[in-house]
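Take a look at the structure below.
Numbering of ligands and ligand atoms starts at 1, following listing order.
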Amino acid sequence: MEAFQEILKRSKNIVAIAGAGLSAGSGIPTFRGAGGLWRKYDAISLATPEAFRSDPSLVWQFYHYRRTIAGQKSPNAAHYALASLSIPSVLKRVAPNAESFTLVTQNIDGLSTRAFREVAQRHSLSERDIDNLTRDTIIEMHGRLFDVLCTDSSCGHREHNTTNPICPALAGTEEITERHHEIDEWPAIAPLDLPRCPKCDALARPGVVWFGEGIQRTYTIDSVVEKADLALVVGTSSTVYPASGYQSIVAESGGNVAVFNIDDDTISSGRHLSFIGKCEDILPTALFGADVPEHPKAVKGDESCT
Ligand code: BV8
Ligand code: ZN
């Protein structure tokens, strides 16, 4: 812990690379964890353009299920700890030499952005500052669960829509999903009854990045990673590219890498510090030592989906 705080004190450009483990403490299943989606549903096969083309009803039920869960959950202490680093005055306190902090998250649940908005409001930042800091310090590289995107590329309308169910035909299907793991028992919803683009009425899709699709803001991320001298790798199995490659870019450029994970099997060699345990328990202390900022709304560990 001392070694980490020494490194924090002299770091200039900090990047946090987060995965499903960051939201596990909020009760959102990870892809691999015991109750994780990966086992129940082969997310790779469902999270692809091919799957959506061949069965949009199935894929929309998969994302409706995840929208329903994410809509019921709240950020945990790890979300708030990272969100606090997006506040310049707080970053200065934690890392006095830091010029920048950027969170690059693989999560599409929106909990990091929600945590930041709350922290920023408590620091009485203006709405405009909150929007600018959110844009500049939080990168949702795999898109957002509550974004919907028109499938007609000539229209390309994208909007943030947290309505649940997003269309009447999906109502209640989350129950079915919960009970029946056998995919073929999900109702076949006609494409005309699935979410449609409010602009051109074409079929709409979840605003997330599917396997085989380019990630969001790739050039911004590359420039952040290239200049970073400290990477915080939080709750990720580092199995999906390009996200899993960023920490070695930081290490290869002489930077430090600190890993926060319940498993120590994600630890690779080199200039690494590793903190094994629940990130919602360890990260706030590692960053703030004894004076962890209070976050009244942070969910306590009993919701965990580790
Ligand atoms: C692309 C959104 C090209 C959708 C997701 C090179 C080599 C091999 C393969 C590839 C390669 N380059 C590209 C590929 C293909 C592919 C890939 O990486 N495949 C893998 C399977 C090998 N990559 C892509 O397709 C990427 N796109 O390459 O496009 C291109 C380029 C330009 C232009 C056009 C095309 C895009 C990949 C993005 C896919 N979308 N999500 C959705 O969510 O439905 S990926 C999704 O899975 C997540 O976002 C995340 O990235 C990944 C899951 O990983 P984790 O988040 O780490 O979760 P996991 O459950 O695995 O692990 C949780 C960890 O937390 C564990 O370690 C656990 O121990 C820990 N944990 C649990 N609880 C806690 C905890 N830790 C701390 N505290 C706790 N409480
Ligand atoms: Zn459209």
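- Leu149 and Leu194 are not part of a single hydrophobic cluster, where members link through side-chain heavy atoms under 4.5 Å apart.
- Inclusion of Phe31 in the set of residues having an N or O under 3.5 Å from an N or O of ligand 1 is warranted.
- Looking only at distances, no side-chain donor or acceptor of Ser23 sits under 3.5 Å from a matching main-chain atom of Ala20.
- Under 4.0 angstrom from ligand 1, the non-hydrogen atoms of Glu280 all belong to its side chain.
- With Arg66, Gln216, Gln106, His142 as candidates, the residue nearest to atom 43 (O) of ligand 1 on a non-hydrogen basis is Arg66.
- Every atom of ligand 1 with a heavy atom of Gly277 under 4.0 Å away is listed here by number and element: 77 (C), 78 (N).
- Annotation: Phe4 is in aromatic contact with Phe275 [ring centroid separation under 6.0 Å].
- Residue Thr239 has at least one heavy-atom neighbour below 4.0 Å for each of these atoms of ligand 1: 20 (C), 22 (C).
- Counting atoms of ligand 1 from 1 in the listed order, those under 4.0 Å from a heavy atom of Asp263 are 69 (O).
- Residue Ala24 touches ligand 1 through its side chain alone, judged by heavy-atom distances below 4.0 Å.
- Glu280 places no side-chain N or O within donor-acceptor distance of the main-chain N or O of Ala78, the cut-off being under 3.5 Å.
- Distance alone, capped at 3.5 Å, is enough to place a donor-acceptor pair between the His160 side chain and the Phe146 backbone.
- Ligand 1 has no N or O atom lying under 3.5 Å from any N or O atom of Gly19, backbone or side chain.
- Each of the atoms 55 (P), 57 (O), 64 (C), 65 (O), 67 (O) of ligand 1 lies under 4.0 Å from some heavy atom of Thr236.
- The backbone N or O of Ser238 lies less than 3.5 Å from a partner atom in the side chain of Thr236, making a donor-acceptor pair.
- At a 3.5 angstrom cut-off on N or O pairs, Pro242 does not count as close to ligand 1.
- Comparing Ile17, Val259, Asn261, Ile276 by heavy-atom distance to atom 68 (C) of ligand 1, the nearest is Asn261.
- A donor-acceptor pair is defined here as one N or O able to donate and one able to accept, closer than 3.5 Å; such a pair exists between the side chain of Thr105 and the backbone of Asn107.
- At least one donor-acceptor pair closer than 3.5 Å links the side chain of Gln5 to the backbone N or O of Ala286.
- Summarising the contacts of atom 11 (C) of ligand 1 with Tyr241, Tyr63, Phe211, the nearest heavy atom is found in Tyr241.
- Looking at Thr218, its side chain never comes within 3.5 Å of a backbone N or O of Ile215 through a donor-acceptor pair.
- Checked against a 3.5 angstrom limit, the closest N/O atoms of Cys279 and ligand 1 fall inside it.
- Across Ser244, Gly212, Ser237, heavy-atom proximity to atom 25 (O) of ligand 1 is greatest for Gly212.
- The shortest N/O to N/O separation between Asn107 and ligand 1 does not fall below 3.5 Å.
- The nearest pair of heavy atoms linking Leu203 to Pro56 is CD2-CB, 4.1 Å.
- Under 4.0 angstrom from ligand 1, there are no non-hydrogen atoms of Leu46.
- Using cut-offs of 30° and 60° on the angle between ring planes, the pair Trp210 and Phe52 is tilted.
- Distances from the Zn ion (ligand 2) under 2.8 Å pick out these protein N/O/S atoms: Cys150 SG, Cys155 SG, Cys197 SG, Cys200 SG.
- Separating the CE atom in Met141 from the CD1 atom in Ile17 is a distance of 9.0 Å, to the nearest 0.5 Å.
- Of the charged side-chain nitrogens involved, at least one lies within less than 4.0 Å of a carboxylate oxygen, so that Arg117 and Asp131 count as a salt-bridged pair.
- A cation-pi arrangement, defined by a distance under 6.0 Å to the six-membered ring centre and an angle within 45 degrees of its axis, is absent between Arg67 and Tyr65.
- Interface atoms of ligand 1 facing Ala20, defined by a heavy-atom separation under 4.0 Å, are 55 (P), 56 (O), 58 (O).
- Here atom 65 (O) of ligand 1 lies nearest to Gly235 when heavy atoms of Gly214, Gly235, Ser238 are compared.
- Considering each of Asp281, Leu283, Val240, the one bringing a non-hydrogen atom nearest atom 37 (C) of ligand 1 is Val240.
- With hydrogens and angles ignored, the 3.5 Å screen pairs no side-chain donor or acceptor of Gln216 with any backbone N or O of Val208.
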